[in-house]
Amino acid sequence: MQLYNNLSAKERAELIEKAGKERLTISFYKYAKIGNTQIFRNHMFIAWDALDVLGRIYVAHEGINAQLSVPAENFEAFKNHLDTITFLENVRLNIAIEHDNFAFLKLKVKVRHKIVADGLNDNTFDVTNKGIHVNAEQFNDLIEDPDTVLVDMRNHYESEIGHFKNAITPDVDTFRESLDLIEEDLREHKENKKLVMYCTGGIRCEKASAYYRHKGFKNVFQLEGGIINYTRQVEAEGLENKFIGKNFVFDQRRSERISDDVIANCHQCGKPADTHTNCVNEACHLLFIQCDECKEKMDNCCSTHCQEIIKLPYEEQKALRKGQGNSNDIFKKGRADHLPYKKDLRNIFENQGNSTQ
Ligand SMILES: [Zn+2]
Ligand SMILES: [Zn+2]
């Protein structure tokens with residue numbers, strides 16, 4: 001029985017291309033008690049592999065978190081399979097706004113300690129004691145309330161390119177940092193303010209809302225299905241869209257445009273830009289925001305250092321990489337100190353009155 005991928009990303013991309021069939025990009029999560037995670041994992045892999053599902057799925061004792069792509073023609077069968085699993089019956093599927101047949105090129109179902117890297121000790125609070133779920137319409141009303149504090153539960157590199165109007169966007173790299181920062185800021189308002197939070201697909205708020213209730217916050221709300229589901233509802237129901245910019249997503253697409261506003265700046269020249277790019281130097285691969293002009297001028301590199309390296313013959317590049325590994329600072333962005341443009345970036349932020357610490 002085959003329990004792992006046997007095609008390379010390149011082979012898979014060729015197959016998808018040849019098939020020429022539409023694929024849907026979907027995400028879902030569920031907190032649930034899973035006893036034998038390995039057996040569950042294998043069960044999912046076999047069923048989904050048969051349906052030509054691709055993606056990145058985390059399975060843990062606390063539940064499942066899945067980002068995947070499904071051939072449109074297999075969608076019903078996929079849903080039917082989910083419905084055969086008690087705790088996944090009618091699970092909310094967040095279906096992407098913009099599809100990309102190449103969003104995922106492998107099926108990776110991984111057993112993890114947690115389904116989200118949250119840095120929290122589960123035993124300290126009850127995850128099921130979560131906040132009140134609100135839909136897009138309720139959310140729109142709620143965030144106009146003067147007693148509301150709207151918090152973006154994502155990391156800085158995500159909110160940088162898009163967020164809800166008037167949201168607090170913590171300048172953090174991890175979820176854990178965010179939790180502490182917000183608690184500190186709102187310490188005095190645990191009872192009188194409405195804490196309203198959102199994230200990409202809802203999973204982080206699920207935990208954060210339970211965490212804040214545990215910490216004594218009385219009025220905790222979360223956007224059901226996150227930004228992805230909000231955008232669909234806004235379109236379907238003709239509601240006002242209060243999200244500006246792009247929604248950062250965790251697959252090849254990197255983001256979905258939600259409004260035409262460009263709220264971020266190129267990390268190299270500071271001009272308005274909101275397209276993430278991976279430094280083309282394989283030893284670097286940093287994910288950062290680059291405008292089209294800098295992209296051309298810098299040959300898709302994050303720094304002149306990387307630009308010099310990619311001009312070397314491939315064998316020499318490989319020799320340089322030896323023993324160093326791929327830094328893969330995908331989300332460290334402007335915080336990677338070794339980068340020459342870091343200094344410029346700091347200036348840009350200072351000029352805007354933002355803090356980079
Ligand atoms: Zn630029
Ligand atoms: Zn680089």
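Excluded from the calculations below are hydrogen atoms, water molecules and symmetry mates; all remaining heavy atoms, backbone and side chain alike, are included. As the structure lists them, so they are numbered: ligands from 1, and atoms in each ligand from 1.
Not one N, O or S atom of His267 sits under 2.8 Å from the Zn ion (ligand 1). For the Zn ion (ligand 2), the set of nearby N, O or S atoms under 2.8 Å includes one belonging to Cys279. Distances from the Zn ion (ligand 2) show that Cys306 has an N/O/S atom below 2.8 Å.
Annotation for Gln38: atom CD counts as buried by contact number, over 12 foreign heavy atoms lying within 6.0 Å.
Here Leu150 is tied into one hydrophobic group with Ile132, Val134, Phe139, Leu142, Ile143, Phe164, Val196, Tyr198, Phe221, Leu223, Ile227, Tyr230, Val234, Leu239, Phe243, Ile258, each link being a pair of ILVMFWY side chains closer than 4.5 Å. Val111 forms part of no hydrophobic cluster, judged by ILVMFWY side-chain heavy-atom separations under 4.5 Å.
Take the Zn ion (ligand 2) as the corner point: the lines to SG of Cys302 and to SG of Cys284 open at 100°, to the nearest 10 degrees. The SG atom of Cys294 and the SG atom of Cys291 subtend an angle of 100° at the Zn ion (ligand 1), given to the nearest 10 degrees.
No donor-acceptor pair under 3.5 Å is formed between the side chain of Asp152 and the backbone N or O of Ala167.
Stacking of Arg41 on the aromatic ring of Tyr4 is recorded, both the 6.0 Å distance cut-off and the 45° axial limit being met.
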